[in-house]
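Each residue takes its place number in the sequence, starting with 1.
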Amino acid sequence: FLDNTAAWLQVAASEEALALQAQCDSPGPDSRALPSATAILNRAYMRLLRWDPQDQKYPETMQMDRSRLDALSQQLQILVLEASVLLLTGTQCQGVIFFLQGFVGKLKQTITALLEGSHTREADLKRALLELGEAVLQQVKEALSIQGGGELPQESQDLLRGQMSELWKNNNSVRTLIEERVQGFLLAMLQGGSAKRRPELHFPLRLVSPELAELGTAFGRIVHFNRTVFGPFYAPILRKMLLPSGESETGEDSR
């Protein structure tokens, strides 16, 4: 009765095995190491933040949390787009105006306001990004004027408009880079331990660190509760995946 859950964990196990294999630069004792149950579960939980809405095989054990996870997924997408815009803006402006008091806060408010609710439909996102490009350029011009640093070259303005307008694509290189870094940070939070072990947040993620930490904390609460309740159901599924046939089924507790 947990067919979708088993399939969800199997995909995560395959992804984790590939990740382990990629970490091995050369064959050795660890090159055949099996992923741990905890690592598989963490990767499975992370997959829920990028779940395809068209995929009807949502894990049965996560159904009660789906609405909250979908809301977090939407917040994550907005956060990725926001950080992508900040990166593009900082690159074209060489970051100088980011030190101007109040500039980053006002820019973040503009980005959030224009992107809110636009990511679910491609046409809405395209239109929002076009509007955002103009709004960001206007704020950059105002900031440069206050700073007395002259105007942003027309070439840079056109390039920034074009780069922002391309962020609607899921495979956009800037968006992909930011999403990978965000996912890495959230995974580190999920794994727990000292905050010192988490990846250091560099520009532009450090500019959205409060929002990122809030999202990670909310996600962690859902995961912790789910793991506590459904750990006994995950354990036999994971043991079946990880232990060779005929081997003793005493192993790691999935909680």
Quiz item: Would a hydrophobic clustering, with Ile, Leu, Val, Met, Phe, Trp and Tyr connected at side-chain separations under 4.5 Å, put Ile222 with Val229?
Solution: yes
Quiz item: Does the side chain of Tyr234 come under 3.5 Å of the side chain of Thr5 through a donor N or O and an acceptor N or O?
Solution: no
Quiz item: Do Asp70 and Gln74 meet the criterion of a side-chain donor-acceptor pair at a distance under 3.5 Å?
Solution: no
Practice problem: Please check if the side chain of Ser145 supplies one atom and the backbone of Lys141 the other of a donor-acceptor pair under 3.5 Å. | Solution: no
Quiz prompt | Distance-minimising heavy-atom pair for Ala37 and Leu238 | solution = CB-CD1, 3.8 Å
Quiz item: So do the side chains of Leu215 and Val182 get within less than 4.5 Å of each other, counting heavy atoms only?
Solution: no
Practice problem: Check whether Leu88 and Leu130 end up in the same hydrophobic cluster, where Ile, Leu, Val, Met, Phe, Trp and Tyr are linked by side-chain heavy atoms less than 4.5 Å apart. | Solution: no
Quiz prompt | Spatial distance of atom CD (Glu131) from atom OG1 (Thr110) [nearest 0.5 Å] | solution = 12.0 Å
Quiz item: With distance as the sole test, does Arg175 use its side chain to make a donor-acceptor pair with the main-chain N or O of Leu167 at under 3.5 Å?
Solution: yes
Quiz item: How far does OG1 of Thr217 sit from CZ of Arg221, to the nearest 0.5 angstrom?
Solution: 6.0 Å
Quiz prompt | Arg66 charged N/C atom sitting above Tyr58 aromatic ring, 6.0 Å / 45° | solution = yes
Quiz prompt | Shortest non-hydrogen separation from Leu152 to Gln92 and the atoms involved | solution = CD1-O, 3.7 Å
Quiz item: If we only count heavy atoms from C-beta on, is the Glu179 to Gln77 side-chain gap below 4.5 Å?
Solution: yes
Quiz item: Any sub-3.5 Å donor-acceptor pair from Gln157's side-chain atoms to Leu137's backbone N or O?
Solution: no
Self-check item: Residue pair Leu201 / Val208, side-chain heavy-atom distance below 4.5 Å
Solution: no
Self-check item: Phe230 side chain reached by Phe225 side chain, heavy atoms, under 4.5 Å
Solution: no
Quiz item: Within a strict 4.5 Å, meaning less than it, do heavy atoms of the Arg68 and Leu72 side chains meet?
Solution: no
Quiz prompt | Pairs touching residues 162-171 that satisfy salt bridge (Lys or Arg N to Asp or Glu O under 4.0 Å), sequence neighbours left out | solution = Glu166-Lys169
Output a table of donor-acceptor pairs, distance under 3.5 Å, between side-chain atoms of residues 45-56 and any protein atom two or more places apart or on a different chain; print 'none' if there are none.
| from | atom 1 | to | atom 2 | distance (Å) |
| --- | --- | --- | --- | --- |
| Tyr45 | OH | Asn226 | OD1 | 2.7 |
| Arg47 | NE | Glu15 | OE2 | 3.4 |
| Trp51 | NE1 | Asp55 | O | 3.2 |
| Asp52 | OD1 | Gln54 | N | 3.0 |
| Asp55 | OD1 | Lys57 | N | 2.9 |

Quiz prompt | Gln154 atom CD, over 12 foreign heavy atoms within 6.0 Å | solution = yes
Quiz item: What is the distance from atom CD1 of Ile111 to atom NZ of Lys106, rounded to the nearest 0.5 Å?
Solution: 12.5 Å
Quiz item: Got Glu151 and Leu144 here, is their nearest side-chain heavy-atom distance under 4.5 Å?
Solution: no
Quiz item: When clusters are formed by joining ILVMFWY residues with side-chain heavy atoms under 4.5 Å apart, either directly or through shared neighbours, do Ile237 and Val11 land in the same one?
Solution: no
Quiz item: How many angstroms lie between atom CZ of Phe219 and atom CG of Asp65, to the nearest 0.5 angstrom?
Solution: 10.5 Å
Quiz item: Closest heavy-atom contact between Leu115 and Ala128?
Solution: CD2-CB, 4.2 Å
Quiz item: Would a 4.5 Å heavy-atom cut-off, applied to side chains only, mark Val80 and Ser84 as touching?
Solution: yes
Exercise. Mind checking the CD-OG spacing from Glu134 to Ser165? Nearest 0.5 Å is all I need.
Key: 10.5 Å
Quiz item: Is there a donor-acceptor pair closer than 3.5 Å between any side-chain N or O of Ser209 and the backbone N or O of Arg206?
Solution: yes
Quiz prompt | Atom pair CG/NZ of Leu207 and Lys108 - distance to nearest 0.5 Å | solution = 7.0 Å
Practice problem: Heavy atoms only: give me the nearest Leu212-Leu79 pair and the separation to one decimal. | Solution: CD1-CD2, 3.6 Å
Self-check item: Leu76 vs Gln183, side chain to side chain contact (heavy atoms under 4.5 Å, CB included): CA-CA, chis, key distance, verdict
Solution: CA-CA 9 Å; Leu76 177 62; Gln183 294 271 350; 3.9 Å; yes
Quiz item: So if you build clusters from Ile, Leu, Val, Met, Phe, Trp, Tyr with side-chain heavy-atom gaps below 4.5 Å, do Leu159 and Trp168 land together?
Solution: no
Quiz prompt | All side chain to side chain contact (heavy atoms under 4.5 Å, CB included) counterparts of Leu177, not counting sequence neighbours | solution = Arg181
Quiz item: What are the two closest non-hydrogen atoms of Leu87 and Pro204, and how far apart are they?
Solution: CB-CG, 3.7 Å
Quiz item: Is the backbone of Ala44 close enough, under 3.5 Å, to the side chain of Trp8 for a donor and an acceptor to pair up by distance?
Solution: yes
Quiz item: Within a reach of under 6.0 Å around CD of Glu214, are more than 12 heavy atoms found that belong to other residues, nucleotides or ligands?
Solution: no
Self-check item: Ile146 side chain near Phe103 side chain, heavy-atom distance below 4.5 Å
Solution: no
Exercise. Might you point out which heavy atoms bring Thr38 and Arg227 nearest each other, and give the distance in Å?
Key: CG2-NH1, 4.2 Å
